[in-house]
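Take a look at the structure below.
Just so you know, these numbers come straight off a predicted model, no measurement behind them.
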Amino acid sequence: MSALPATAPVSFTLDGRTLEALPGETLLQAARRHGVEIPHLCHQDGLRADGNCRACVVEIEGERVLAPSCCRAPTEGMVVHSATGRARRAQRLVLELLASDMPEAPYTLHNELDQWRRKLELGPPRFPARPDVAADASHPAIAVRLDACIQCTRCLRACRETQANDVIGYAARGSQAHIVFDLGDPMGTSSCVGCGECVQACPTGALAPAGGVALEAPDRSVDSVCPYCGVGCQLTYHVKDNRILQVTGRDGPANHGRLCVKGRYGFDYVHHRHRLTKPLIRRADAPRTPELGLDHDDPFRDFREAGWEEALAFAAGGLKAIRDRHGPKALAGFGSAKGSNEEAYLFQKLVRTGFGSNNVDHCTRLCHASSVAALLEMIGSGAVSNPVADVAEADVIVIIGSNTTDNHPVAATFIKNAARAGKTLIVMDPRRTAIARHARHFLQFRPDSDVALLNALMQAVIEQGLVDEAFVRERTEEYAALKAHLAAFTPEAMAPVCGIDADTIREVARVYASAPNAIIFWGMGVSQHVHGTDNSRALISLALISGQIGRPGTGLHPLRGQNNVQGASDVGLIPMVFPDYQRVDNPEARARFEALWGTALDPEPGLTVVEIMHAAKAGEIRGMYVMGENPAMSDPDLAHARAALAGLEHLVVQEIFMTETAWYADVILPASAFPEKSGTFTNTDRRVQLGRAALDPPGAARQDLWIVQEMARRLGLDWNYDGPASVFAELRRAMPSIAGISWERLEREDAVTYPCPSEADPGQPVIFTEEFPRPGGRARLVPAPLRNAAELPDGDYPWVLITGRQLEHWHTGAMTRRATVLDAIEPFPVASLHPEELERLGLRPGEAVTLRSRRGAVTAFARADRGLSPGQVFLPFCYHEAAANLLTHDFLDPVAKIPEFKFCAVRVEPAPGPNAHPDG
């Protein structure tokens, strides 16, 4: 019988040595910590101990049977033997029996069974092998060879308990027992999401990366971070001959070894045949046209190769000529949230000091600009208040407007873990996504009714007497005006508007406001509306009147979409603020940066992304420099955006691929992909992390920092940074929030959370604990009026279009659609509709469907999705052949200037002509 885990350190004897076990440690863990090796196979740190392989059995004095050390806790005075004749015979026999079932040729260089056999000096097995088990090669990423399975169930526990995906099961009994996927499906047709957690857990290679790379020995391994979403997972690149063999998760603070399908398998885009490896200049006989003429099979046809000196002179010379003829405001720059903090900082500095204006922006304008605007207005900071990990401290978790399992899959695993541990999860969204399966309360409200629902929730908090009166009195202002505004938003009045009954609204309000600790996460389903700032204002007010901010397990967290959108914003890659969100029209802030940069600066805020496109179309912006952005795919109303790009006098694009935007360029500068650069990146938790270069750029491609500096020199700036560390040193002087984070500290610690004003500060994961960074230290409560989307459905366009991302593809697809595994899983554009709507249209899943708006039309393949309500259609925006933003409009939130990607009117009809899916 196992003893209960100790609550204090205990002393016990192991193999004649007196050791101390820490609270909660098993015998195996304590032995390993003290350098004593005990064979084990079914045990893996981070997984629940099962004790089913029995390779780790030990002898305990006074007990008749051997005990599995992986799930047995030591007690005070216990005497344990791990290497007596009896224990060793049992360990060796288990290993020999398991080895007898192994195939002759290994599937991985890191077969733990073979490693333990060597350590125990075991010879060939004496027992007959089991019958052959057929291999399963149906999954593009994962090879399944269950003839190497030892039924340790590490994969099962990793799938069910770590990732909470419930794909892997254990079927049959006795000698017939085996691992299954779903109901015995091939892995490739199961509900597997390709996270690879099972592969990372498997000790024998029964589950391994496809393609046999597990049998190749890397010549080096490089610790870095993931290049995709804002979660900021730490990972390790395993490299051979300047190619990435595979990626494994590291025990970073945001992921603890976990990765998603993109992070684990979306890396070989860097080796794609379409990589830009030489500077390119547009041929004189290849004029730009508004209609996209990019040939994805021959993307370089309209360009000629050039040397770096010619390309840089042409690129900078064209921009300089426009500046000199038409003034600084005739130029604009788009930077990137995919690059490092150092790259973003130098880019915005180049635009401000080299161009001479503040016309610089990046994709934050298209994702969370409204969230940041509301946060700055109401609490004085655009930063998240608490990290994702605080779900472990929360009693109630609210997710609104976020398809978390697709857009932030590793963060979603921790939320699912918390829900399974008994936390209350509340999900609110017009579309039922996978995270809703784990929710105790799911509110599928009508699109465009966010403010109605959120104001009703606040009114329900007030009417039930759940306002945190002390918090409101001591830490907020203008509550009376908010309360008066909310009087009209009763649950009964708003129920027909938002489609949620009044009793449910009251119950959810009670659960949230009365919880000891409650945290809110939101995504672009909240922010990408013309009323996105009002949506965010209502969320912030709900947290403030309930007192749910300023403590662990509480707060407000807008989940950042791209890997460095937080950092790029922090370092000033937006038109109205310098680094650390210091307003460009604030004389004191401007004087500070004029002193730091040694030049006069424009006192007027610049134009935002969509405003720049309007100005380009009007002939006011004549030249642009685009680094790592793809507005010809990501901007709303693409026909307008592409016409604006085509009409520019001079366009410089710095890229790794011939993107849709690069096709409009006059000169293309080949840059470095994520695994080819070193720098700092800031995740959604405000955690600054170090990314390290694992590869050399191909051909004549160059580091982005080098290119930006060379452009700056040709624009008259005397810059001499010798690498990212020296840029980061200047960043620390520009940004008090990171003053305590040195490059050397990051090399030592890998991650530090800001604010961190001094090197003695450990970093502050939870902020606003005592006051808000506003005058008087109080948050401002701002009422959110009820307003509609800019374009409502009508008789001609009766459907609501919702756009977004897919799990396998990211942003505009420039990287992921060139990643072999990711594109194999989702190779074709799909439009998701409720199955009843498919039936009404006379379509089957997989047949072609055309979506039309007032701005354009696209054709995709229909997919049935019961998570959508009738009258809604979801279209991801990563497919160039069915670009969702050909349909969207460019009406903006008046405060944040963010486009309304999440709502426009369309009609849906069967596509003309042959209507079969490419796969049949």
Task: Heavy atoms from other residues, nucleotides or ligands near CD of Glu121 exceed 12 (cutoff 6.0 Å) - done: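 At most 12 heavy atoms, drawn from other residues, nucleotides or ligands, come within 6.0 Å of this atom.
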TODO: Verify the neighbour count for atom CG of Asp298: are there more than 12 heavy atoms of other residues, nucleotides or ligands below 6.0 Å?
DONE: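 Atom CG in Asp298 is crowded, with more than 12 foreign heavy atoms closer than 6.0 Å.
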Please determine whether a side-chain nitrogen of the Lys or Arg among [X] and [Y] lies less than 4.0 Å from a carboxylate oxygen of the Asp or Glu.
| X | Y | value |
| --- | --- | --- |
| Lys416 | Asp166 | no |
| Arg243 | Glu216 | no |
| Arg258 | Glu197 | no |

Open item on the list: Strictly distance-based, threshold 3.5 Å: is any side-chain N or O of Asp685 a donor or acceptor partner for the main-chain N or O of Arg687?
Closed with: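 Checking the backbone N and O of Arg687 against the side chain of Asp685, no donor-acceptor pair under 3.5 Å is found.
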Open item on the list: Parallel, tilted or perpendicular: which one describes the rings of His256 and Phe414, with boundaries at 30° and 60°?
Closed with: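 Taking Phe414 first and then His256, their aromatic rings stand perpendicular (interplane angle over 60°).
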Task: Non-hydrogen side-chain atoms of Thr248 and Gln200 separated by less than 4.5 Å - done: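 Sidechains of Gln200 and Thr248: in contact.
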Open item on the list: Could you work out, with salt bridge (charged side-chain N to carboxylate O under 4.0 Å, His left out) as the rule, every residue matching Arg157, not counting sequence neighbours?
Closed with: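 By the salt bridge (charged side-chain N to carboxylate O under 4.0 Å, His left out) rule, Arg157 matches Asp50.
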Is the distance between the ring centroids of [X] and [Y] under 6.0 Å?
| X | Y | result |
| --- | --- | --- |
| Tyr879 | His809 | yes |
| His274 | Phe657 | no |
| Tyr269 | Phe674 | no |

Task: Under 3.5 Å side-chain donor-acceptor pair for Arg692 and Ser224 - done: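 No - no donor-acceptor pair under 3.5 Å links their side chains.
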Open item on the list: Is it true that Ser190 and Asp185 share a donor-acceptor pair across their side chains at a distance under 3.5 Å?
Closed with: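 Note: Asp185 and Ser190 side chains miss the donor-acceptor criterion.
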